[in-house]
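To start, the structure under review is shown below, and the notes come after it.
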Amino acid sequence: MTAAPELLRATVLHTPRNPFQTADALDAYTDGAVVIADGRIAAVGDHATLAAAHPEALVRDWRGSAILPGFIDTHVHFPQTRIIGGLGRPLLDWLRLHALPEEARMGETGYARAVALEFVRALARHGTTTALVFGAHFAPAVEALFEAARAAGLRISSGLVLSDRLLPEPLRQTPEEAYRLSRELMARYHGRDGLRYAVTPRFALSASEALLEVCAALAGEQPGLLFQTHLNENRQEIVDVRAAFPWAPSYLAVYDRFGLAGPRSVFAHNLHGSDAELARLAESGAAVAHCPSSNAMLGSGIFSMRRHLAAGVRFALGTDVGAGIGFSVLKEALQCYMMQRVLPEGFPLSAAHLLYLATAAGAKALGLEEETGDFTPGKSADLVRLQPMEGAPLAAAVERAESPERLLAALIAQAGAESVREVRVRGRIIQDSGPRQVS
Ligand code: GUN
Ligand code: ZN
């Protein structure tokens, strides 16, 4: 027997159209509703209309709250959950001094399990329902992540992080081990319970050609596999990649030579890509994970949104924890806005652009646009209920907002984890925080 549909009454905001292509991308219903049946969106619109059309539905009166699509994080490192906030270092020093020592601790499976649990809880508490996650260099730690994600009900893609040079020895695998261990994980998790496998070389600098060949073989093993890595993040990194692969005309060309740039590829950063690399990214259908807080924290550079748009390269947001500042994709959207504000040729982003980048753009980057990212009927009911804390300035701002755009902007600027009241994936509650008050 199927459960009765539910009607969630609140202000509903989503971007079923691309605001980089059309001026009316934001759909907003101030006294709105989402009807959910069998874990899917059955209808979205004005409350009065939907209440009349669905008299059988179980009504949840969430007035004073806003319902947004679940947030989508396209680049986040689970082993770096506990090292957010390392200041004062550029990428390669930060890796050596902050990230890699913590990543080595993932070799202890008990420790990795504890971090995996913290990680999935942090995602859910911040309203993230879907994420492409950099796993660990150790197979049992990646297993711990997949198990924690399954138990939490999150939609996670991840994989064993592969390296066979440059990094400290405990973080390296031989290409043969990389192949065997990745295949085992893939067989256990890919395509099950909303989990997918992503072939994950750390970056070209820590991969031999033999390892990149293994990645190519792995990526063809099963339909629907993803590929993720880093690209053009830091100027010294790029110089070092050029020295390591002297035959390659560009950083992207290293991956491309092995067939690793395609519609299922997500490259983090791409701050310093050439026009030829941008053209090739667009042609291949690959997506870029834009991680503005990490880019500022590590002093890596500022993302040229205009050049990506002009070249037709897809991009969405990544928090890049632990180089980034935390798990909130809304905060990442705000940081994205601020970086474009300070860049002389920055792109002027509206609240609708930011919501799109935090939701539907992420679904597209991960090949999930038929499934999640907005409230088009038929899609999975993946949503966040934002309820400002009683007595907080955000509560007053939401109550007084003159337009849906202003309301959305206030939420993006101010709604942190304390405002995430409930989170659902496939209609199922994965986070229920209860009402909170400013004391
Ligand atoms: N490049 C290679 N590894 C990493 C990492 O962990 N974080 C970031 N930001 N860049 C990387
Ligand atoms: Zn990263």
Side-chain angles (χ1 to χ4, degrees), residues 73-106 115 119 131-138 141-142 145 157-168 171-172 198-207 211-212 215 226-241 244 251-252 254-255 260 265-273 287-303 315-327 329 332 335 362 365:
D73 190 341
T74 65
H75 186 75
V76 55
H77 295 249
F78 116 74
Q80 298 175 11
T81 300
R82 293 182 175 178
I83 58 150
I84 296 166
L87 302 180
R89 305 279 177 184
L91 173 67
L92 298 176
D93 290 346
W94 176 84
L95 280 173
R96 186 167 50 83
L97 295 168
H98 291 272
L100 299 181
E102 178 69 0
E103 299 235 1
R105 291 188 191 105
M106 299 296 140
V115 175
F119 174 79
L132 175 58
V133 180
F134 246 71
H137 289 263
F138 305 94
V142 180
L145 171 70
S157 305
S158 189
L160 182 67
V161 181
L162 306 177
S163 284
D164 67 344
R165 66 178 187 187
L166 185 79
L167 305 189
L171 299 177
R172 288 187 239 153
V199 177
T200 310
R202 187 162 200 121
F203 59 164
L205 209 48
S206 67
L211 187 70
L212 293 170
C215 290
L226 296 170
F227 173 80
Q228 63 175 340
T229 192
H230 296 92
L231 174 68
N232 285 323
E233 178 177 5
N234 167 285
R235 295 215 183 263
Q236 186 60 51
E237 170 204 21
I238 295 167
V239 168
D240 293 356
V241 166
Y251 194 156
L252 178 63
V254 176
Y255 300 124
L260 297 170
S265 305
V266 180
F267 294 100
H269 307 298
N270 198 40
L271 299 176
H272 311 289
V288 169
H290 171 36
C291 310
S293 70
S294 160
N295 299 158
M297 285 290 281
L298 298 179
S300 304
I302 304 186
F303 181 74
F315 55 90
L317 292 172
T319 60
D320 199 20
V321 161
I325 55 171
F327 289 91
V329 180
E332 205 60 45
Q335 181 74 20

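In this text the structure is predicted, and so the values were computed from the model without any measurement. Numbering of ligands and ligand atoms starts at 1, following listing order.
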Report task. Report the C-alpha separation of His75 and Glu332 in whole Å, then their side-chain angles, then the decisive distance to 0.1 Å, and conclude whether the side-chain contact (heavy atoms from CB on, under 4.5 Å) test is met. Result -> CA-CA 11 Å; His75 186 75; Glu332 205 60 45; over 6 Å; no
Query - Phe203 and Tyr255: CA distance, side-chain angles, deciding distance, side-chain contact (heavy atoms from CB on, under 4.5 Å) verdict - result: CA-CA 9 Å; Phe203 59 164; Tyr255 300 124; 3.9 Å; yes
Requested in this report: Walk me through it: do Val199 and Leu260 pass the test side-chain contact (heavy atoms from CB on, under 4.5 Å)?
Outcome: CA-CA 10 Å; Val199 177; Leu260 297 170; 5.8 Å; no
Query raised in the report: So Asn270 and Phe315, side-chain contact (heavy atoms from CB on, under 4.5 Å) or not? Walk me through it.
Result: CA-CA 10 Å; Asn270 198 40; Phe315 55 90; over 6 Å; no
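Only protein atoms were considered; those of element N, O or S under 2.8 Å from the Zn ion (ligand 2) number 4.
Counting atoms of ligand 1 from 1 in the listed order, those under 4.0 Å from a heavy atom of Leu91 are 8 (C), 10 (N), 11 (C). For ligand 1, the atoms sitting less than 4.0 Å from at least one non-hydrogen atom of Asp320 are 8 (C), 9 (N), numbered in the order shown with element in parentheses.
A heavy-atom distance below 4.5 Å is not found between the side chains of Val161 and Phe78.
At a heavy-atom cutoff of 4.0 Å, ligand 1 is contacted by the side chain of His77 but not by its backbone. Of all the heavy atoms of Leu205, none lies under 4.0 Å from any atom of ligand 1, so neither backbone nor side chain is involved.
Residue contacts with ligand 1 do not include Phe134, since none of its heavy atoms lies under 4.0 Å from the ligand. Ligand 1 has Gln80 within reach: a non-hydrogen atom of the residue lies less than 4.0 Å from it. Using a 4.0 angstrom heavy-atom cutoff, His269 counts as in contact with ligand 1.
With hydrogens and angles disregarded, no donor-acceptor distance shorter than 3.5 Å links the side chain of Thr319 to the backbone of Val76. Put simply, the side chain of Thr74 gets close to the backbone of Leu317: a donor and an acceptor are under 3.5 Å apart. Panel note: side chain Thr81, backbone Phe119; no donor-acceptor pair is recorded below 3.5 Å. Remark: side-chain polar atoms of His269 are not paired, donor with acceptor, to backbone N or O of Glu233 under 3.5 angstrom.
Partners of Arg165 by side chain to side chain donor-acceptor pair (under 3.5 Å), not counting sequence neighbours: none found.
In terms of protein heavy atoms, atom 6 (O) of ligand 1 is closest to Arg202 NH2, 2.6 Å. For atom 10 (N) of ligand 1, the closest non-hydrogen atom of the protein is Glu233 OE1, 2.7 Å.
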